[in-house]
There are 2 protein chains.
Amino acid sequence: MQPKGDLAQVLIQAGVALLDEDGTEGLTLRRIAARAGVSHAAPAHHFNGLPGLRIAIATQGFQDFRHDLICARDAMPADSGPFHRLLAVNHAYIRFARCRTALFRLMFDQLPTQDDDLRTIARASYVVLQHHCAPFVGDRKAASVETAVWALTHGFAMLKMDQPYPPDSPVQVSSYEDALRLVVG
Amino acid sequence: MQPKGDLAQVLIQAGVALLDEDGTEGLTLRRIAARAGVSHAAPAHHFNGLPGLRIAIATQGFQDFRHDLICARDAMPADSGPFHRLLAVNHAYIRFARCRTALFRLMFDQLPTQDDDLRTIARASYVVLQHHCAPFVGDRKAASVETAVWALTHGFAMLKMDQPYPPDSPVQVSSYEDALRLVVG
DNA sequence: TCCATCATCTTGACAGTGTAAAGCCAATGT
DNA sequence: ACATTGGCTTTACACTGTCAAGATGATGGA
């Protein structure tokens, strides 16, 4: 779903803003239209209804997501070891889920779609994480290591997202780094 | 949110059935009411609106979930090793996410709530998995091992849920067992 | 220049949704 | 006998997504 003009991008940004501000139930065709200053039916016309708009927003979300991951890697000092580079990327992953919960949920809710753009950018996001796993493969299967690292990170992100600061949570903050060492160590 | 009478449980079961049959957007107060043969406002009266009903359904979902995990463990032969017992439980975890996607999503969407019943049963579900990690702790921190195993399983479940059978998926079926060995091995 | 075409966006209408207020009604307690 | 409560219905309302029809303006060929 490629934007036809200027308005499409404005609508997507309005939707992202609504998700960040009001959460999942804040995302509404009519609210997006009002925020963009157009009639209530304009969004549906551009994105083929609400499902199309959700896919477009998820696509934008993955672009922001990938950007965050890459920035986290680039912000590391040049002499950082591969573990700390991987850790920085994965912390960005978890931070994104924590700071932009509604958008993060929408992104992974919309994944089982046929839309090519969404699948492409989602895959590109995965490649960033995948790339930082390479130094740790050793004589193991690369897919196994990548799967373990990704699933660990994604699962941890979901739990941190669900329970921001629960004193009795089974998962503590420091546990992630320890767990990651188990996987790549 | 404890049921006041018979109808409450009927409404919950109707909601679960709607989720299984029609997916996330099939869950509607009015559809639940129609299926239960009561007026459209009855569900809201019992559960304090849609949010309360969703919490009640998520609570029921975690009970089914925990039941599945325990049954998977009990179905293993008595001489099974601890790894195959853990694997059986985690396969049940992944299978639940795959077979009851909408309910699974709702369960973890509703987790960040104050509802005590929901938090209690969710925690009890986690304990089942936690318990099977004990043989692999060794001299490591128990929380790290449990976190790694749980996050790996949950993350893998989410990916299998999103992409049922994609030929180009970065995560293959056999990868989970390999990844789990990395963590507990 | 004129006219057809098309994309963009608006307007109006409709069914479906959650929610709140009011009412009904049987059971219960005093 | 009477008031009260809980369980459920009825009614109404605002909000939602979607569709059909129309307005507006740009494009592009004759």
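Just so it is clear: chains get the letters A, B, ... in the order the sequence lines come, proteins before strands, and each one is counted from 1. Atoms considered below: every heavy atom in the structure, side chains included; atoms not considered: hydrogens, waters and symmetry mates.
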Inset, instruction - Any chance you could measure Ser80(A), atom OG, to Leu86(A), atom CG, to the nearest 0.5 Å? - result: 12.0 Å
Inset, instruction - Please state whether the phosphate of dC8(D), meaning OP1 or OP2, lies under 4.0 angstrom from any side-chain nitrogen or oxygen of His46(B). - result: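 Checking His46(B) against dC8(D): at least one side-chain N or O falls below 4.0 Å of OP1 or OP2.
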Send over the distance from [X] [atom1] to [N] [atom2], rounded to a whole Å.
X: Ile32(B); N: dG16(C); atom1: CD1; atom2: C1'; answer: 15 Å
X: His45(B); N: dT5(D); atom1: NE2; atom2: C1'; answer: 11 Å
X: Arg54(A); N: dT16(D); atom1: CZ; atom2: C1'; answer: 14 Å
X: Leu18(B); N: dT17(C); atom1: CG; atom2: P; answer: 11 Å
X: Glu25(A); N: dC15(D); atom1: CD; atom2: P; answer: 15 Å

Legend entry - Polar contact flag, side-chain donor to acceptor under 3.5 angstrom, Thr153(A)-Asn90(A): yes
Can you label the angle between the [X] ring and the [Y] ring as parallel, tilted or perpendicular, going by 30° and 60°?
X: Phe65(A); Y: Phe62(A); value: perpendicular
X: His91(A); Y: Tyr176(A); value: tilted
X: Tyr93(A); Y: Phe104(A); value: perpendicular

Legend entry - Annotated protein contacts, base or backbone, on nucleotides 18-27 of chain C with a non-hydrogen cut-off under 4.0 Å, one of B, S, - each: BB--------
Inset, instruction - For Asp178(A), enumerate each residue passing the side chain to side chain donor-acceptor pair (under 3.5 Å) test, keeping only those at least two apart in sequence or located in another chain. - result: Lys141(B), Ser144(B)
